[in-house]
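Every chain is numbered from 1, with letters handed out A, B, ... down the list of sequences. Just so it is clear, the model here is predicted, and its values are computed rather than measured.
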Amino acid sequence: MALEDLKEIVKKSITVGFLFESNKERLKWTSLNGDIGFSKEITNRNIHRPGLALAGYVELFSFDRVQIFGNTEIQYLQHLSFEDRIKAFETIFRFNVPCLVVTNNNPLDKELIGIATNHGISLLQSPFETTKLTYFLGDFLDDQFAPQSVVHGSFIDVYGVGILLVGRSGIGKSEIALDLVERGHRLVADDVVMVTRKGEGILIGAGTDVVKHFMEIRGLGFIDIRSIFGIRAIRFQKRVEVVVELLDWQPDGEFTRTGLDHGHISVLGVEIPHIKLPIFPGKNITVIAEVIALDYLLRHYGYDAAKEFASRLDATIASKSRGKRVIDYFEHDFE
Amino acid sequence: MIEREVTIKNRAGLHTRPAATLVKLAAQFKSDFFINKDGFEINGKSIIGVMTLAAEQGAEMILRFSGEDENDAMAAVVELFERGFDEQ
């Protein structure tokens, strides 16, 4: 499947139980009413502080989001009489909210916990302050609901640059990946690369839990990169920074000669530099892959070799000097 | 481009041996071959890809072929699925 028209897979929902278990260590939270409401589904990646709903204004109440009670909501509740507190709480739980998180380990009356339990809604309590919890939780939900897809290719970290090698089956992607690992670079995934769009403009690639760092080499079978080369030869995930497409050499193929016209390829809506590389016997793709990574770094640090060369030519043409040697006069064979 | 939905028939599912048989068969054809399961699509000519599916008995998947010999490729591959990879 062509890289441009990958089918996006987006999770429709996660359960409250999954949210709770996945973030137990990070958010140090506990459940105030056991596993009540753990099977409820969260379908919205956003979070909401229901201040206005507590005060009784429920028009436009984003009830389908994870609800957060920070200090403001708790103090508002506490300034109310007991009856009004119950009423305010009931107002919120009349809606089908997925779950409610109380920050700063703020306590809740047991009557209020009872209301949540009666409505089958999970109440979670975290020691984190609201800003921190919102940040972590938002990041987790963004990741869970991020568009994903599978790419058939090899994904390697070369000098810290994430290079995704793609090309037809049998063109030699795995062999190049193996060669790069041998030269000290790190394999992220071979053959099956899960790509996830994280935030706008960032594409993260990772392997799958079944395959991890296994690889198939034609005529050899499966090999385990981690066992053979050790921990330095692998990593779990990496930002995809360059797509290198390996193509069979064709005399009439269109390949760039200057590097001024490198295109981009859109993967899950993220624009990524795209290099088309013709391969033929005797061409060392591994070294070229290393050079691609280093050239990418140079550009990242503000030096574009193709532009530099072109502007040097422009300057020479403008000054009307012609074809001079780099050094005017060599007295002897030393500099 | 043609496609067909198939179901895994044998008890052990699409484990290593049938996965190898499948990719070897697919490699005999020029057509591109993709397998889509639960929305994720892998290259049917890649054994690592096929094994990633971890397809159990009863699992449904869509086979997609495109290329000059797509009809022959689909007939051969679908037949392999129908035979349950020659397993129980």
Side-chain angles (χ1 to χ4, degrees), chain A residues 1-13 145-155 165-175 177-178 187-196 206-225 248 267-268, chain B residues 1-5 8 12-57 59-70 72-74 76-77 80:
Chain A
M1 166 133 275
L3 220 43
E4 296 98 320
D5 33 50
L6 287 177
K7 283 188 200 115
E8 286 189 10
I9 313 281
V10 182
K11 267 190 210 170
K12 291 211 167 54
S13 67
F145 289 106
Q148 293 190 325
S149 203
V150 175
V151 175
H152 177 229
S154 293
F155 188 34
L165 292 168
V166 294
R168 68 164 172 80
S169 210
I171 203 164
K173 300 179 291 291
S174 298
E175 287 74 8
L178 185 61
L187 178 76
V188 187
D190 189 54
D191 250 14
V192 180
V193 186
M194 299 274 292
V195 288
T196 307
T208 59
D209 56 348
V210 194
V211 182
K212 289 250 168 60
H213 299 95
F214 280 89
M215 199 184 235
E216 185 223 359
I217 298 292
R218 296 289 147 87
L220 196 62
F222 298 130
I223 55 168
D224 181 0
I225 296 300
D248 293 297
V267 185
L268 292 181
Chain B
M1 197 265 286
I2 50 173
E3 53 183 45
R4 173 78 65 86
E5 195 172 326
I8 301 284
L14 190 42
H15 62 99
T16 313
R17 197 199 60 84
T21 314
L22 177 62
V23 293
K24 272 188 201 159
L25 179 66
Q28 293 170 12
F29 299 94
K30 282 193 180 139
S31 295
D32 287 333
F33 168 38
F34 295 95
I35 307 178
N36 189 313
K37 179 172 174 269
D38 305 327
F40 284 104
E41 190 157 271
I42 57 91
N43 191 318
K45 292 185 177 180
S46 146
I47 183 145
I48 298 249
V50 173
M51 287 171 73
T52 309
L53 297 173
E56 72 288 355
Q57 187 178 29
E60 289 173 351
M61 45 187 79
I62 298 162
L63 311 180
R64 203 161 51 77
F65 300 85
S66 75
E68 47 190 283
D69 54 1
E70 56 187 31
D72 294 341
M74 187 162 92
V77 170
L80 181 67

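At a threshold of 4.0 Å, the pair A:Lys212-A:Asp224 does not count as salt-bridged, since none of the basic side-chain nitrogens sits closer than that to a carboxylate oxygen. Between A:Arg218 and A:Glu216 there is a salt bridge, with a side-chain nitrogen of the basic residue lying less than 4.0 Å from a carboxylate oxygen of the acidic one.
Contact of A:Asp209 with chain B is not made at all, since no heavy-atom distance falls under 4.5 Å. Contact annotation for A:Val211: only side-chain heavy atoms (C-beta onward) come within less than 4.5 Å of a heavy atom of chain B. Contacts of A:Met194 with chain B are made by side-chain atoms alone, with heavy-atom separations under 4.5 Å and no backbone atom involved.
A pairwise comparison of heavy atoms in A:Ala177 and A:Asp190 identifies CB-OD1, 4.4 Å as the closest pair.
Checked against salt bridge (Lys or Arg N to Asp or Glu O under 4.0 Å), B:Asp38 has no partners two or more places apart in sequence or in another chain.
When the candidates B:Ile42, B:Ile48, B:Ile47 are compared by the number of heavy-atom contacts under 4.5 Å with chain A, B:Ile48 comes out ahead. Of the residues considered (A:Thr208, A:Val192, A:Val210, A:Asp191), A:Asp191 shows the highest number of contacts with chain B, using heavy-atom pairs under 4.5 Å.
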Name the atoms and distances for all side-chain donor-acceptor pairs under 3.5 Å in residues 20-28 of chain B, with sequence neighbours left out.
| residue | atom | partner | partner atom | Å |
| --- | --- | --- | --- | --- |
| B:Thr21 | OG1 | B:Arg17 | O | 2.9 |

